Structures are given as structure tokens and as C-alpha cells.
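Letters A, B, ... are given to chains in the order of the sequence lines, protein chains preceding strands, and every chain is numbered from 1. Keep in mind that this is a model prediction, so the values were computed, not measured.
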Amino acid sequence: MNARDRTDLITRYTEETVTEEEIETLLEEREDPHAYIGYAPTGEMHIGHFTTMRKLADFVAAGLEVTVLVADLHAHLDDEKSPFELLEARSTYYEEAIRGMIEAAGGDPDDVEFVRGTDYQLEEPYTLELYRLIADTTISRAKRAGSEVVRQSDNPKLGGLVYTLMQSLDVLALDADIAYGGIDQRGIYMLSRELFDDDEKPACVFAPLLSGLTGGKMSASDATSKVNLTDSPDQVDEKIQGAYCPQGEVEDNGVLEYLEYLVFPVFDERGEVLTVERPEEYGGNLVYETYDELETDYVSGELHPADLKPGAAAAISEVIDPVRERLTSQPDLLADAYPDTYD
RNA sequence: CCGCCCUUAGCUCAGACUGGUAGAGCAGUCGACUGUAGAUCGACUUGUCCCCCGUUCAAAUCGGGGAGGGCGGACCA
């Protein structure tokens, strides 16, 4: 693969790349540039995480060295979302879930290096650099950078601001050439690019954030707005059945987005196609090899939501199935990480 | 260290002055209408009124103590 093809692979199904030229140049000059994604082990992982993780298989295929940072300290710094005592259990669960997602997406988890925040964030040179950033950055600048990521409240703690600076610094600490994450991470990595020299600042790749199933954004606090990795086929079916899904409309349509960014990319990797069962009275079954074909039928009205939903639910279940199996076969993982939910 | 304010449904809050079986909006659940969902109607559900003690026939409400949160003052060789 040449640099151009590798760049295309790295940037496909993404929301934004900063900048494509930088990435192509990087690939021309270096054999195996280094990409990283960080996750704070807070709440249970869901289908939105899966669409983001799927890309790591593309990264590996494009010849990037890939690191996943399990940012344990960040999970506590962001409004104490994870209690200090649970950081270890949640980090273990996150790593296992992420391995499962990479494998389900057709990648080999062993091609990815896992790092914990506490592996390097508690000592020099990291701490010293962090203090310099703290001294150098205004409160309003840090607040703006982290506003889409850090939990907002009337009485925010300092943790949220330190969180933002730490994540900006992680790029350097991990020696990453490319910072990857959801588009919500944009502000933080733009701060990174602003703070550091040209030869240190990261190129960025951002994944789209999928709409929630209830219309609008996916919400951590609303179980019906998203499919969890451990949802049974029946639960998935129930959630998709209840999803906001206006006929012919693509806007804010979580069901279609799940298909575009998760189901079809994974099916493509596995060599599968999507079958939509439809009663004879409405024209009989349909088979789709690509998302574009499906969207065209949906927009034209040929494909009705009531027929799409069961087919989409089955396909989603099929995609998350290996991850669900992996997690439910180790019940202690979730029980230890979320004792209040699984007692 | 001192002073003041706040704590009521999943969320935002009213009710407290003047004690009498705890409310609204949003959210949620269920029906109707759609070949899905939403929207729109219709119905329904929701409580340790932060905790303890006291006064009273009766306390979310009054008094005392405590916890958590917020704001301000003072100190600053």
C-alpha cells in the first residue's frame, strides 16, 4: 500500500481529519507512525464505543503502531465518575471489552498496545511538564478545550481542568503522531496542537458520534438511547423497535447510523450481507451489500422503517455477539467494575 | 477561624413567613392514531420532604443539634 491508500484507510468512516496532508506526509516519511486513543474507564461501554474502536483495525491494517490508553486517573478526575477504589476493576473491564471489539471488527487485539494512565502519569517527566502547563494555561482556555468532554456543572472541580491538560499532554508522553477519538475530543487535541511545537503536535482523526435511538444525542443516563455491548438479542430488538426512525429521513436517525458506521463496515470485513425480511404484500425480502444501497432505498421510501428495524436489530446483535459472549463469560469483570449494578 | 444561604419525585423547582394526610413542569409507563418510532391527543405512576432529638392532638413547615453543598469575611511575618 502506498501512502495515499494508507491515508484513505486511516480516514474512512471518520468525521474529520486534521490534517489529511499531515497524515499522508507522515506515512511517506515514516515506516510505522504511532496512533493512540484514550478512554477513561467510567460507565459501561456501548455500541458508540464499538464504532470508534472498529477503526483501530483499519489503523493496524494501514501499518500504524496503535496504543490504547486506559486513562484510569482521568476517570476519577472527571467529576469523580469512577470512585478511586474501582479504577483497577474498571480498567480491567475496559481493556477486555476493547480487545473484544477489536477482534469482532476483524483485527487482532495483540497488535495493539495497552497502557494505563497510572503507568506514567504519576512521575517525572510527566508531572513536571504538567505543572508547567498548569502554570501556563488560563482557566478559560482549559475550560473551553474540555467543554465537550468533561462533565459540566454549576460548581465544577479543578479536576476537570487538570483532566484537559493531562490529555493534551498524553500525546507527547505516549510519543503519538496521531491522536484519535470521537469528534467530542476535538477541543482537547486542538489545545495540544496549540501548546506544542510543530514536530511534537499530533495530527488528529475524529470519529463521528452516533445519534441516540430516542432522537438527539446518545445519553449515558438513558438506557433506551443506546445498545449496550452486553444486551441480549431480545433487548437489542426491543430498543431498536422503540427507536426514533422517521420514514425516508436520514437526519438524527440512529438506526441508519448504526448500520453505516458499525454493521456494514464489520459485515464487509466478514464478507456478509444484510438481509431485510419483508412480507410479500410489501414486496418481499431485500438484500443489501452496501450502506449506500440501503440508504437510497430508505430515502426513496422503498424500504419502510417497520421492515428495516427487525433486520437492523438482528444485524446489530450479530455484530456485538462475540463481544457479549466474551464479557458475559467472565461475569466477575462487570460485577467487580460495577458492584452497584451487578450485585 | 467567623458569618450567611441551600438540601422536597429520575431532573428543575414551588410549598415553609401563618403547623392540618405533599404539588407543578419535564421525564417515565400504558392506551388511541399512524404498517416503526416520533409528533399529537387520553389516562396513569412517581417520595426516607438530608439525618437525629425536641415542642405539639398534629411538623416538609416551629426550636436545638448534626451531615453534605454553596457564598462571603478574617488571617497573610
Student: Minimum heavy-atom separation for V171(A) and A179(A), please, with both atom names.
Tutor: CG2-CB, 4.4 Å
Student: Please determine whether side chain to side chain contact (heavy atoms under 4.5 Å, CB included) holds for the pair I23(A) and V205(A), giving the CA-CA distance in whole Å, both sets of side-chain angles, and the decisive distance to 0.1 Å.
Tutor: CA-CA 9 Å; I23(A) 289 182; V205(A) 177; 3.6 Å; yes
Student: Provide the Watson-Crick or G-U wobble partner of A24(B), both distances under 3.5 Å; none if there is no partner.
Tutor: U12(B)
Student: Identify the heavy atoms of F206(A) and Y189(A) that sit nearest to each other, and give their distance.
Tutor: CE2-CD1, 3.9 Å
Student: Pairing check on G72(B): which nucleotide meets the Watson-Crick or G-U wobble criteria with it, both distances under 3.5 Å?
Tutor: C2(B)
Student: Using whole Å, what does the distance between atom P of nucleotide U36(B) and atom OH of Y258(A) come to?
Tutor: 21 Å
Student: By nearest heavy atom, map P246(A) and K157(A) onto RNA chain B; which one lands nearer the 5' end?
Tutor: P246(A)
Student: Should the pair E85(A)-R90(A) be classified as a salt bridge under the 4.0 Å nitrogen-to-oxygen rule?
Tutor: no
Student: For C26(B) and G64(B), measure between their P atoms and round to the nearest Å.
Tutor: 39 Å
Student: Under a 4.0 Å threshold between the charged nitrogen and the carboxylate oxygen, would E44(A) count as salt-bridged to K226(A)?
Tutor: no
Student: What is the base-pairing partner of A60(B), counting Watson-Crick and G-U wobble geometry with both distances under 3.5 Å?
Tutor: none
Student: Figure out the CD/C1' separation between Q241(A) and G35(B), and round it to whole Å.
Tutor: 11 Å
Student: Looking at D237(A) and K309(A), does any basic side-chain N land under 4.0 Å from a carboxylate oxygen?
Tutor: no
Student: Got a salt bridge between E28(A) and R6(A), using NZ or NE/NH1/NH2 to carboxylate O under 4.0 Å?
Tutor: no
Student: Among residues 307-317 of chain A, which ones have heavy-atom contacts with RNA chain B below 4.0 Å?
Tutor: D307(A), K309(A)
Student: Taking the side chain of N155(A) as heavy atoms from C-beta outward, which of A37(B), G70(B), U36(B) is closest to it?
Tutor: G70(B)
Student: For RNA chain B, what residues of residues 281-293 of chain A have any heavy atom nearer than 4.0 Å?
Tutor: Y282(A)
Student: Starting from P on U34(B), measure out to NE2 on H304(A) and report it in whole angstrom.
Tutor: 13 Å
Student: Between U29(B) and U18(B), how many Å separate the two C1' atoms, rounded to a whole number?
Tutor: 39 Å
Student: Output the rounded distance in Å from CD (E249(A)) to P (G38(B)).
Tutor: 14 Å
Student: Does a side-chain N-to-carboxylate-O contact under 4.0 Å join R54(A) and E269(A)?
Tutor: no
Student: For the pair made of CG in D79(A) and P in G69(B), what is the distance, rounded to whole Å?
Tutor: 13 Å
Student: Does the pair E22(A)/K201(A) count as a salt bridge with the N-to-O cut at 4.0 Å?
Tutor: no
Student: Could you tell me how far apart D154(A) (CG) and C11(B) (P) are, to the nearest whole angstrom?
Tutor: 14 Å
Student: Name the pairing partner of U40(B), where a pair is Watson-Crick or G-U wobble with both distances under 3.5 Å, or state none.
Tutor: A32(B)
Student: For A67(B), what is the paired nucleotide under Watson-Crick or G-U wobble rules, both distances under 3.5 Å?
Tutor: U7(B)
Student: Using whole Å, what does the distance between atom C1' of nucleotide G38(B) and atom CG of L213(A) come to?
Tutor: 13 Å
Student: Quote, to the nearest angstrom, the C1' distance that separates G31(B) from U45(B).
Tutor: 14 Å
Student: For nucleotides A16(B) and C75(B), find the distance between their P atoms and express it as a whole number of Å.
Tutor: 40 Å
Student: Whole Å only: how far is the CD atom of E238(A) from the P atom of U29(B)?
Tutor: 10 Å
Student: When rounded to the nearest Å, what value does the distance between C1' atoms of G3(B) and A74(B) take?
Tutor: 10 Å
Student: Any strand counts, and the cut-off is 3.5 Å on both contacts for Watson-Crick or G-U wobble. Which nucleotide pairs with C17(B)?
Tutor: none
Student: Using the C1' atom as the reference point in each nucleotide, state the distance between U40(B) and G47(B) in Å, no decimals.
Tutor: 31 Å
Student: When rounded to the nearest Å, what value does the distance between P atoms of A58(B) and G70(B) take?
Tutor: 38 Å
Student: Once ring-ring contact (aromatic ring centres under 6.0 Å, His included) is applied, do any residues pair with Y120(A), and if so which ones, sequence neighbours excluded?
Tutor: Y126(A)
Student: Write down the distance separating the C1' atoms in G19(B) and U61(B), rounded off to the nearest Å.
Tutor: 6 Å
Student: Does the distance from a Lys or Arg side-chain N to an Asp or Glu carboxylate O, for E15(A) and R186(A), drop under 4.0 Å?
Tutor: no
